[in-house]
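These notes are about the structure you will find just below.
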Amino acid sequence: MDKTLYQFSVELIQQSRYLIAITGAGISTESGIPAFRGTNGLWSRFDPEVYASRSGFLSNPQKAWELFLHLYESLVDARANAGHIALAKMEKRGKLQCTITQNIDGLHQKAGQENVIELHGSLRNLICTVCSQTFNIKGLLLDSQDLPPVCNCGGVLKPDAVLFEESIPAESYFAALKHIRMSDVVLLIGTSGLVHPVNELPEMAVNHGASLIEINIEPTVLTAVCKTVFLKGRAADILDRFNCDLF
Ligand code: APR
C-alpha cells in the first residue's frame with residue numbers, strides 16, 4: 001500500500017466533518033464469508049439468475065433455497081473481523097456517522113455498530129412472499145429436507161434480502177442519500193462497484209465535493225471514475241491500522 005496515500009487518508013479522516021462508509025462483501029471475506037465475484041466468488045458456483053433473482057425464486061424456490069441455506073450455514077460461525085471492529089470503534093468515538101452496506105450478513109451490527117443502513121436487507125428475517133409476514137430466523141430450524149419453508153398462510157418464505165429484479169426499500173435508499181449528501185469523506189470498502197443503484201452513491205458523494213478513500217485488494221470500476229484515494233490491501237488490515245493511527 002502506498003504510504004503517502006495512507007498518511008493522506010489518515011489526515012482526511014482526522015479532518016472530516018461527516019465521515020461515512022460504504023461497504024461490500026470484501027469487508028466480510030476475512031470472516032470466512034465468500035465474496036460474490038472474483039476467484040471462488042459465490043456467483044461462480046451459484047448462477048445468480050437461477051438462485052438469487054425474483055423470477056428464479058418464484059419459478060423454483062427449492063433451488064433458490066440451496067443458496068440461502070448455504071448463506072445461513074456460512075453465517076453460523078461468522079464473527080465480525082478487525083475491519084468491522086475498527087468501524088465500530090470509529091462510530092463509538094463519534095468519527096464515523098453512518099455505514100451504508102450492501103452486505104446481508106449483519107456483521108457490522110455484530111461488531112457493535114448501530115448506524116448501519118442495510119440497502120440489500122439482511123438474512124436475520126424471513127418474509128412471506130404472499131402475506132409479507134416476517135419471521136426472525138433465530139426461532140426457525142432450517143432443515144435441508146424441508147425446504148422451502150412455508151408460512152402459515154401457505155405462502156413460500158424467503159430471506160428478507162433484496163434479490164435481483166427486486167428494488168431496494170425506498171426508506172433505506174433515501175436515508176442513504178441523506179448521508180451521502182452530508183458526507184465530506186467516504187470510506188469505500190470491499191465493493192466491486194458493479195451493482196446498481198448502490199454503485200451510483202460514491203459518484204454522488206464526489207459530485208457533492210466529498211473525498212473517497214477506497215480500500216480494496218484491487219482497483220475497481222469506481223477507482224478511476226471517482227478518482228478515489230486508492231489503498232490497496234485487505235480491509236481488516238488497513239482499517240485496523242487506521243484505528244491505531246487515529247485514536
Ligand atoms: N479486503 C478488501 N477488499 C476485498 C477483500 C478484502 N479482504 N476481499 C475481496 N475484496 C474486494 C474484491 O476485490 C471486490 O472488489 O471486495 C469486492 C467484492 O466484490 P463483490 O463480490 O462484487 O461484492 P459487492 O461489491 O458487495 O457486490 C454488490 O452484488 O451480487 C450482488 O447483492 C449482491 O450485495 C451484493 C452486490
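Ligands are counted one by one from 1 in listed order, and the atoms in each one are counted from 1 as well. The figures that follow rest on heavy atoms only: side chains count, while hydrogens, waters and symmetry mates do not. Quantities reported herein were computed from a predicted structural model and do not represent experimental measurements.
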* Counting heavy atoms only, which part of H120 comes closer than 4.0 Å to ligand 1: side chain, backbone, both or neither? -> side chain
* Asked: Between T29 and ligand 1, which part of the residue brings a heavy atom under 4.0 Å of the ligand: side chain, backbone, both or neither?
  -> side chain
Nitrogen or oxygen of [X] less than 3.5 angstrom from that of ligand 1:
X: E30; answer: yes
X: N103; answer: no
X: F36; answer: yes
X: T220; answer: no

* Should E218 and K232 be marked as a salt bridge (Lys or Arg N to Asp or Glu O under 4.0 Å) after you check the CA-CA gap, both sets of side-chain angles, and the distance that decides it? -> CA-CA 6 Å; E218 59 188 7; K232 184 179 172 74; over 6 Å; no
* Given G190, G193, A236, which one has a non-hydrogen atom that is nearest to atom 3 (N) of ligand 1? -> G190
* Structure fact -> In terms of its nearest heavy atom to atom 24 (P) of ligand 1, the top option of T223, V195, T191, L239 is T191
Looking only at protein heavy atoms, which one is nearest to [atom], and what is the separation?
atom: atom 1 (N) of ligand 1; result: A235 N, 2.9 Å
atom: atom 30 (O) of ligand 1; result: W43 NE1, 2.8 Å
atom: atom 27 (O) of ligand 1; result: R37 NH1, 3.2 Å
atom: atom 12 (C) of ligand 1; result: N216 OD1, 3.5 Å
atom: atom 5 (C) of ligand 1; result: G26 O, 3.4 Å
atom: atom 28 (C) of ligand 1; result: Q102 OE1, 3.2 Å

Just wondering, are more than 12 heavy atoms of other shown residues or ligands nearer than 6.0 Å to [atom1] in [X]?
X: Q14; atom1: CD; answer: yes
X: R79; atom1: CZ; answer: no
X: E11; atom1: CD; answer: yes
X: E165; atom1: CD; answer: yes

* **V221 side chain near L194 side chain, heavy-atom distance below 4.5 Å** => yes
* To do: Would you check if L246 and I13 make a side-chain contact, meaning some heavy-atom pair closer than 4.5 Å?
  => yes
For [X], take its heavy atoms, then give the atoms of ligand 1 lying under 4.0 Å from any of them.
X: E218; value: 13 (O)
X: A25; value: 23 (O), 24 (P), 26 (O)
X: G24; value: 26 (O)
X: F164; value: 30 (O), 31 (C)

* Atom CD1 of I189 and atom NE2 of H84: how far apart are they, to the nearest 0.5 Å? -> 9.0 Å
* Reported NE2-to-CG distance for the pair H179 and N115, which is rounded to 0.5 angstrom -> 7.0 Å
* Asked: Does even one non-hydrogen atom of G233 get within less than 4.0 Å of ligand 1?
  -> yes
* Can a salt bridge be assigned to the pair E66 and R45 using a cut-off of 4.0 Å between side-chain N and carboxylate O? -> no
* **Ion pair check, E166 and K158, cut-off under 4.0 Å** => yes
* Under 3.5 Å, side chain of Y6 to main-chain N/O of R241, donor-acceptor pair present? -> yes
